[in-house]
Amino acid sequence: MAAITPEQYEPAFEFALKVESGQTNRSAATAMLSSHTGLKSSSSAFYLNALLAMFEGTVYKKTISLAATRYYLERFKNDMLPEALERALIAVELHLDYYAVQGKGEQVSIRTLVDSYRAKLALTVTEVIYPDEVPELLTGFIEGALKQVTINAYERDSKARTTCIAKFGAICQVCDFDFEKTYGQIGKGFIHVHHKVDIATIGESYQVDPINDLIPVCPNCHAMLHTEKPAMSIEKLQRIIDNSNA
């Protein structure tokens, strides 16, 4: 299996994200990655499988280089919610345990890297919490179960949020505001995700469709959408903006 090069790290991650978000399947992504990067099909399949294991928090069995592992953990840290980094770290730890059981060594450098990212993750007690959600490590796209915080709040599924943003981008779908363009690196990936149907009006768990039920919006537009109950439609708020700018 050919070693992945630094130039191939990013496209491998992006194609894995497309599979994770349901935009394509593994076989199609494998073919596209091979065509895009020149990797052999077997190598493309391995790296996609390993990255999808990181997205899911499951074991992968062949080793990724220290440099590639560092790149991917950094992507999870910078581009995803803390729960996603947690799943990625679990996957790497499971791989390390599997590798050690096979008698192939301890991969000390990668264990040290994982420990450093564990420390970074621990510091996220001061992280930005999106006011539209209560972060929770969930499986599937189940939303609506009541969780006691300081008041009753509806749980928001971070995986559904990630899938929604992968589809539409971290750009407000009402006013087109892009935090990264305005604020640079600190704004990269920042956006609220709005439920088109108020989750609080449903009153029970339901299976959310992250593409059809959710939409990325900036905090200002998000607040304006909720000036009506039930929430105003995206189209209505767009008309209000268009009329105010006429």
Side-chain angles (χ1 to χ4, degrees), residues 1-62 64-65 67-92 95 133 137-143 156-173 176 178-181 188-194 207-217:
M1 183 185 67
I4 195 169
T5 66
E7 294 76 18
Q8 296 164 333
Y9 295 166
E10 181 177 1
F13 188 90
E14 296 301 331
F15 282 117
L17 183 57
K18 288 181 182 294
V19 176
E20 173 67 14
S21 63
Q23 296 180 57
T24 189
N25 58 44
R26 291 189 188 220
S27 59
T30 297
M32 289 187 289
L33 180 59
S34 294
S35 175
H36 186 82
T37 63
L39 279 169
K40 291 182 178 180
S41 180
S42 59
S43 297
S44 293
F46 161 67
Y47 288 112
L48 285 174
N49 288 338
L51 282 164
L52 288 169
M54 291 184 187
F55 277 106
E56 297 163 2
T58 57
V59 67
Y60 57 95
K61 296 183 178 181
K62 292 184 179 180
I64 294 177
S65 71
T69 304
R70 180 183 291 110
Y71 174 87
Y72 292 129
L73 290 179
E74 192 68 9
R75 285 293 302 268
F76 279 101
K77 181 177 77 71
N78 291 336
D79 299 351
M80 316 288 275
L81 290 175
E83 291 88 346
L85 175 58
E86 171 69 22
R87 286 190 288 267
L89 290 170
I90 289 172
V92 179
H95 165 71
E133 63 187 39
L137 187 58
L138 301 173
T139 58
F141 296 141
I142 304 300
E143 304 217 5
R156 307 290 171 146
D157 185 350
S158 63
K159 191 173 180 181
R161 172 191 167 86
T162 298
T163 301
C164 173
I165 294 173
K167 170 66 175 177
F168 297 103
I171 299 171
C172 180
Q173 299 299 294
D176 296 323
D178 184 330
F179 282 87
E180 185 176 7
K181 284 185 178 179
K188 184 177 182 179
F190 183 89
I191 199 73
H192 284 195
V193 170
H194 170 65
Q207 191 79 14
V208 66
D209 181 337
I211 305 302
N212 294 311
D213 295 347
L214 308 180
I215 197 76
V217 294

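Computed from heavy atoms alone, side chains included, the values below leave out hydrogens, waters and symmetry copies. Nothing fancy with the numbering, it's 1 onward along the sequence. In this text, all values refer to a predicted model and were calculated from it rather than measured experimentally.
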Under the ring-ring contact (aromatic ring centres under 6.0 Å, His included) test, residues paired with Phe168 that sit two or more places apart: none
Identify, with sequence neighbours excluded, every residue that meets ring-ring contact (aromatic ring centres under 6.0 Å, His included) alongside Tyr60. His95
For Thr58, enumerate each residue passing the side chain to side chain contact (heavy atoms under 4.5 Å, CB included) test, keeping only those at least two apart in sequence or located in another chain. Ala53, Glu56
Rounded to the nearest 0.5 angstrom, the CE-CG distance for Met54 and Leu85 is 10.5 Å
Hey, what do you get for CZ (Phe15) to CG (Leu51), rounding to the nearest 0.5 Å? 12.5 Å
Could you go step by step and tell me if Asp79 and Lys188 meet the side chain to side chain contact (heavy atoms under 4.5 Å, CB included) rule? CA-CA 7 Å; Asp79 299 351; Lys188 184 177 182 179; 3.8 Å; yes
Listed by chain and number, what are the salt bridge (Lys or Arg N to Asp or Glu O under 4.0 Å) partners of Glu14, not counting sequence neighbours? Arg75
Distance, nearest 0.5 Å, that separates CD1 of Ile171 from CD1 of Ile165: 11.0 Å
Report the residues that fulfil side chain to side chain contact (heavy atoms under 4.5 Å, CB included) with Ala67, sequence neighbours left out, ordered by chain and then residue number. Tyr9, Ser65
Over all heavy atoms of both residues, which pair between Leu48 and Ala12 is shortest? Give the atoms and the distance, please. CD2-O, 3.7 Å
Those residues that, when tested against Ser44, pass side chain to side chain donor-acceptor pair (under 3.5 Å) (two or more places apart): Ser34
Once side chain to side chain donor-acceptor pair (under 3.5 Å) is applied, do any residues pair with Thr69, and if so which ones, sequence neighbours excluded? none
Set of side chain to side chain contact (heavy atoms under 4.5 Å, CB included) partners for Val19, sequence neighbours left out: Thr24, Arg26, Ala29, Leu52
Check: Glu20 side chain, Ala166 main-chain N or O, donor-acceptor pair, under 3.5 Å: no
Who passes side chain to side chain donor-acceptor pair (under 3.5 Å) against Glu180, sequence neighbours left out? none
Got a second to check how far Tyr47's OH is from Ser42's OG, nearest 0.5 Å? 10.0 Å
Supply the atom-to-atom distance Leu214 CG to Thr163 OG1, rounded to the nearest 0.5 angstrom. 9.0 Å
Contact summary for Val193 and Cys164, nearest pair of heavy atoms: CG1-SG, 4.2 Å
Closest non-hydrogen atom pair between Cys172 and Val217, with its separation: SG-CA, 3.8 Å
Residue set satisfying side chain to side chain donor-acceptor pair (under 3.5 Å) with Asp176, at least two apart, ordered chain then number -> none
Can you tell me how far apart OG (Ser21) and CD1 (Ile211) are? Round to the nearest 0.5 Å. 6.5 Å
Any residue meeting salt bridge (Lys or Arg N to Asp or Glu O under 4.0 Å) with Glu74, in chain and number order, not counting sequence neighbours: Lys77
If we only count heavy atoms from C-beta on, is the Phe55 to Met80 side-chain gap below 4.5 Å? yes
N/O donor-acceptor pair under 3.5 Å between Gln8 side chain and Thr37 backbone: yes
